[in-house]
Amino acid sequence: MKQAWRWFGPHDPVSLDDVRQAGASDIVNALHQLKPGEVWTEKAVAERKHLIDTTPAGRTPLTWSIVESIPVPDDVKRLGKQAKASIEGWIASMEAVAKSDIKTICYNFMPVVDWTRTDLDAPLPTGATCLRFDIYRFAAFELHILKRPGAERDYDDAIKARAKLVFDAMTQTDIDYLVMVIASALPGSTTDPLTLESFRDKLIAYRDIDASVLRRHFIEFLEAVTPVAEKLGVKLTLHPDDPPRSLFGLPRVASTKEDYQALFDAVPSEANGMCFCTGSLGVRPDNDLVAMAKHFAPRIHFVHLRATKRDAENPLSFFEADHLDGDVDMVGVIAALVAEDRKRPEGSKLPFRPDHGHRMLDDLTKKVTPGYTAIGRLKGLGELRGVIRAVERLS
Ligand code: DNO
């Protein structure tokens, strides 16, 4: 398997030399300076490619081989008036990427909000911190800060009571922090940052869109983009919903095995692939990740390896655990992926990246990109590499 690393571009506090020292060979990047819906030009992609792939004398080469993500604009998901033009724009961005010989593109189809957490620095017993999704804090946001109509129907009485206690104990600073974490779009997000007001407006725009409608819109998108991707030799890899369930009453259609199967059945094109993200899919106890990795193996063209752990007290809450010590059977998943990787010819090996990492050691006092710390990911990559090496040797 190929070791990749997400790099956020020239402003990333983690340098390309840091990536070299971590031992990764492939870079995962996007033109993060562009807003969702802005079309990527060949020139802008080529410049970034040149920046990454130009190796200083004596250094290990790096290759920008994966784009994560080209954002799918909101009107495509709603099939609004601009959807056709937005899909054409998305295709133009994909063509620009392919021109620079980058053939793997990750994207997602989550309406309104991309990945969602409630805490960016939740303390761990070791003194490190991690990302966390806390159902009580999340419910406090929905019920008492965003005040989404109908939200009370989505929670049982115990959660509502706890959420009220959580909210009552919050200062204005706590509230502002929670709004920032949930609404302002976390790093790498493909959705626009929101204020409480624009958040409410967006939710209203989805009032009539349930999961079956969203899936239909998604299939229209895939029917338009996959023939072009095929011609370009591009693999599109759909990232799962994170967390893999409905939030804010919104539909989500990439959370389970059945969700993915429905999309592959509707659009069998070989360009229609999967980004197998263990951290996202692993949040659901009913997702059997080893079985899913085996089942979808030929469709998997990009892998995110990370582990979450559900709270014993309320399994709707979870935190990002050490890469090998979450709820997912990481060794089992890696064994399934290594078996698939063996079938692929040299030059087409399966890329994975260590996804997220704890904030630890020197990173505790440095400016970091939430989840994308140097040291936490370095630790994760080291552990994962060990498992891969052992599985390759012993199987
Ligand atoms: C966060 C990531 C997301 C992901 C996009 C994929 O860490 O999982 O930013 O890259 O949702 O399109």
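Just follow the structure's listing: the first ligand is 1, and inside any ligand the first atom is 1.
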S.K.: May I ask you to check whether Asp114 has an N/O atom sitting below 3.5 Å from an N/O atom of ligand 1?
M.R.: yes
S.K.: For Tyr107, is there any backbone N or O sitting under 3.5 Å from a side-chain donor or acceptor partner on His239?
M.R.: no
S.K.: Does Asn108 reach ligand 1 with a nitrogen or oxygen that is under 3.5 Å from one of the ligand's nitrogen or oxygen atoms?
M.R.: yes
S.K.: Select the closest option to atom 9 (O) of ligand 1 among Gly188, Gly279, Cys275, judged by heavy-atom distance.
M.R.: Gly188
S.K.: Provide the number and element of each atom of ligand 1 under 4.0 Å from a heavy atom of Met110.
M.R.: 11 (O)
S.K.: When the aromatic ring centroids of Phe248 and Phe138 are compared, is their separation below 6.0 Å?
M.R.: yes
S.K.: Between Arg117 and Glu320 (salt bridge meaning N to carboxylate O under 4.0 Å), is one present in this structure?
M.R.: yes
S.K.: Considering the options Val97, Leu236, Thr237, which one meets the side chain to side chain contact (heavy atoms under 4.5 Å, CB included) requirement together with Thr104?
M.R.: Thr237
S.K.: My understanding is that only one of Arg6, Arg306, His356 makes a side chain to side chain contact (heavy atoms under 4.5 Å, CB included) with Arg377; could you say which?
M.R.: Arg6
S.K.: Is it true that Asp210 and Arg215 have a side-chain N and a carboxylate O under 4.0 angstrom from each other?
M.R.: no
S.K.: List the closest protein heavy-atom neighbour of atom 12 (O) of ligand 1: residue, atom name, distance to the nearest 0.1 Å.
M.R.: Ser69 OG, 2.6 Å
S.K.: Is any NZ, NE, NH1 or NH2 atom of the basic residue among Asp119 and Arg137 found under 4.0 Å from an Asp or Glu carboxylate oxygen of the other?
M.R.: yes
S.K.: Has ligand 1 got any nitrogen or oxygen that is less than 3.5 angstrom from a nitrogen or oxygen of His239?
M.R.: yes
S.K.: Identify the protein heavy atom lying closest to atom 4 (C) of ligand 1, giving its residue, its atom name and the separation to 0.1 Å.
M.R.: Glu68 OE2, 3.4 Å
S.K.: At the 4.0 Å heavy-atom cut-off, does His304 count as touching ligand 1?
M.R.: no
S.K.: Which atoms of ligand 1 sit under 4.0 Å from any heavy atom of His356?
M.R.: 1 (C), 7 (O)
S.K.: Please could you name the atoms of ligand 1 that Tyr107 approaches to less than 4.0 Å, counting only its heavy atoms?
M.R.: 12 (O)
S.K.: Using a plain distance cutoff, I'd like to know if Tyr372 has any nitrogen or oxygen under 3.5 Å from a nitrogen or oxygen of ligand 1.
M.R.: yes
S.K.: Just heavy atoms, cut-off under 4.0 Å: does Arg6 contact ligand 1 by side chain, backbone, both, or neither?
M.R.: side chain
